[in-house]
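Just below is one structure, and these are the notes that go with it.
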Amino acid sequence: MYITINGTDYERIKALSFAPEVDPAGMTLPISGFEADIFTSDAAEAGQYAELRDDLGRLWADYYITRAVRVDADILRIRAESPLTLIARDVLPATYYNAAPIADVLVDVFRNTGSGLGVYIYQLDQAFSGAVITGFAPRQSARERLLWACFAIGAQVVSCFGELIGIVPADAGNALIPMRDTFWRPAASEGDCVTAIRAFAYSFAPGVPTSTDKWVQDDGGTTYVVTTRAFELRNPDAPPAAPENVISLEGMYFLNDGNVAAAMSRLAAWRFNPRELTLECIDNADYRPGMRVTVCDGLDGMMTGVVRQATFRFGVQARARLKLAGASAVASAALTIRYLYGDIEVGRSVFRFPVGYDYAVANPYIDTEMNGHRYVLRPLEAVCAGRMAQGDVSADVACAVALDLCGGVLHVISVDGAEASNDKGVIA
């Protein structure tokens, strides 16, 4: 890993910590960041950008430096945060939106970051190109308004592994984490049982309120009379003896008759399922916050969930402690591949995949000894592929002799290519 500041790459770093996160339920808007000690006598200051990249040049974070402290003559300690930090203290005026395109609302949210001038720091997924916002926004931070807008349309905010803040569909992406890349059996935990979600739909009409009316006023002086309707969604899976635990969405004025039911259903998908899964795996930027992943549970089954947080540790390969929200079991089956030399089984591999998964497993060369010969057998098919059916599946792969070592003499039977060389270089 290395850090780039002002076009200079710093490869000598230590104490690097990076734990990006999202809230799949959409109730909070975390600001991710990274910290590191850089071996340098160069100066850096708050306001500059720091890029975190791996040895292949892949961007992990393009963050805004919030703190740079020299802790030694040759060590600079920095803290860099997602550009969301730029809008956390930016207060927006009270505004009423009437079927305003989401893109217009985002112009308000990011107006002080340069985005209004065409230097965008965010990207809106095409899935929301037709989304609109209807409702009243009080004086609030730009960060809170972004949270309200995303909750109303069903979006989540991802601010890692890209140059721009991504406003994308919740539950975006899907990946299978191979059993060989996990370090031990994932651990499941249960949060508090939510028994119900209570939400309110709001409508606003300009006018003069009576003494019994509820009203709001925008920063232009226009007064709106507020009409409220209450809704409740009960958790059908809550135990009868569970203590009442209700999530209330009162005061979120971007909810209305047109979107309140969908918003409650999305929230219920996460908060009615309090199970969380924690695992450690090899993660070279493959599994990211906001992505749905499926993993082996270590008990001949599989579970799926959305990555809420990824806490990375760096070495020859990156390793991450993943926390999955909304974890649930998925139907899976075992795939057993037998490698055959004639009628003799010379190798066997067992995998587990979700039912309906299109698998493609690279077949290995087999190194084995038989009857005084040491053989390297090559599979006649490079890949074993198919769609995982209900119930365990077996597949046979035929192999042929590629190399035969007997009595100290190597017989080359079949190879993909060959070249010979001497001390002067390659001959053929």
Side-chain angles (χ1 to χ4, degrees), residues 22-29 84 87 90-113 115-118 120-159 164-172 197-207 214-231 233 249-270 290:
V22 301
D23 180 2
M27 298 291 288
T28 62
L29 191 55
L84 288 174
I87 66 173
D90 189 9
V91 179
L92 301 183
T95 305
Y96 175 68
Y97 296 102
N98 184 14
I102 183 63
D104 291 351
V105 179
L106 295 179
V107 167
D108 288 347
V109 167
F110 292 101
R111 65 180 183 174
N112 289 335
T113 65
S115 293
L117 303 176
Y120 289 93
I121 68 169
Y122 68 92
Q123 184 174 37
L124 178 67
D125 191 277
Q126 291 184 351
F128 303 110
S129 59
V132 297
I133 296 295
T134 296
F136 180 81
R139 283 182 64 85
Q140 61 189 166
S141 73
R143 179 185 175 193
E144 186 175 12
R145 189 160 303 180
L146 177 61
L147 175 65
W148 279 26
C150 289
F151 188 84
I153 65 175
Q156 69 178 2
V157 179
V158 178
S159 58
L164 302 176
I165 296 170
I167 300 171
V168 301
D171 204 358
I197 295 172
R198 185 174 299 131
F200 299 84
Y202 299 93
S203 60
F204 303 85
K214 184 175 181 179
W215 56 273
V216 293
Q217 189 174 72
D218 66 20
D219 276 20
T222 303
T223 299
Y224 298 87
V225 176
V226 183
T227 302
T228 305
R229 293 181 62 199
F231 297 83
L233 181 62
L249 299 178
E250 186 173 7
M252 188 171 285
Y253 289 151
F254 284 0
L255 296 183
N256 51 61
D257 286 340
N259 64 16
V260 65
M264 294 174 70
S265 295
R266 288 192 299 267
L267 182 58
W270 301 108

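Sequence positions, counted from 1, serve as the residue numbers for this chain. Computed from a predicted model, the values in this text were never measured in an experiment.
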Check step by step if side-chain contact (heavy atoms from CB on, under 4.5 Å) holds for L84 and I165.
CA-CA 8 Å; L84 288 174; I165 296 170; 3.8 Å; yes

Please test V216 against T223 for side-chain contact (heavy atoms from CB on, under 4.5 Å), starting from the C-alpha separation and ending with a verdict.
CA-CA 6 Å; V216 293; T223 299; over 6 Å; no

Are K214 and T227 packed together at the side-chain level, in the sense that at least one heavy-atom pair is separated by less than 4.5 angstrom?
no

Minimal heavy-atom distance between D257 and A201, with the atoms involved, is OD1-CB, 3.4 Å

Measure the OG-CG distance between S159 and L164 for me, rounded to the nearest 0.5 Å.
11.5 Å

Minimal non-hydrogen separation, L255 against A263, with atom names
CD2-CB, 3.8 Å

D23 CG to Q156 CD distance, which is reported to the nearest 0.5 Å
9.0 Å

Please round to the nearest 0.5 Å and tell me the distance separating atom CG of L267 and atom CG of L233.
9.0 Å

Answer yes if the side chains of Y97 and D108 hold a donor-acceptor pair under 3.5 Å, and no otherwise.
yes

Of all the heavy-atom pairs spanning G26 and L147, show the shortest one and how long it is.
O-CD1, 3.2 Å

Would you check if T95 and D218 make a side-chain contact, meaning some heavy-atom pair closer than 4.5 Å?
no

Are side-chain heavy atoms of I87 and N112 found at a separation under 4.5 Å?
no

Gap between atom CG of L249 and atom CD1 of I197 - 0.5 Å precision:
7.0 Å

Ring centre gap for F254 and F151 strictly below 6.0 Å:
no

Check whether any side-chain N or O of W215 sits under 3.5 Å from a backbone N or O of Y224 as a donor-acceptor pair, and report yes or no.
no

Aromatic contact between Y96 and F136, with the criterion being ring centroids under 6.0 Å apart: yes or no?
no

To the nearest 0.5 Å, tell me how far L146 CG sits from L106 CG.
6.5 Å

Would you kindly say whether N256 and T134 are connected by a side-chain donor-acceptor distance under 3.5 Å?
no

Taking R145 for the side chain and P138 for the main chain, is one N or O donor matched with an acceptor at less than 3.5 Å?
yes

Nearest 0.5 Å, please: how far is OH in Y253 from CD in Q140?
11.0 Å

Do R198 and F231 pass the side-chain contact (heavy atoms from CB on, under 4.5 Å) test, and can you show the C-alpha distance, the side-chain angles, and the key distance before you say yes or no?
CA-CA 6 Å; R198 185 174 299 131; F231 297 83; over 6 Å; no

Taking all heavy atoms of L92 and all of A142, pick out the closest pair and write down the distance.
CD1-CA, 3.8 Å

Would one find more than 12 heavy atoms of other residues, nucleotides or ligands at under 6.0 Å from atom CZ of R266?
yes

Work out which heavy atom in D219 is nearest to a heavy atom in P93; give both atom names and the distance.
OD2-CB, 3.1 Å

Derivation and outcome, side-chain contact (heavy atoms from CB on, under 4.5 Å), residues R229 and Y202:
CA-CA 7 Å; R229 293 181 62 199; Y202 299 93; over 6 Å; no

Are there over 12 heavy-atom neighbours, none belonging to Q123, within less than 6.0 Å of that residue's CD?
no

Exercise: identify the closest heavy-atom pair between A94 and R139
N-CG, 3.6 Å

Listed by chain and number, what are the salt bridge (charged side-chain N to carboxylate O under 4.0 Å, His left out) partners of D125, not counting sequence neighbours?
none

Are any side-chain N or O atoms of T222 and backbone N or O atoms of G220, one a donor and one an acceptor, separated by less than 3.5 Å?
no

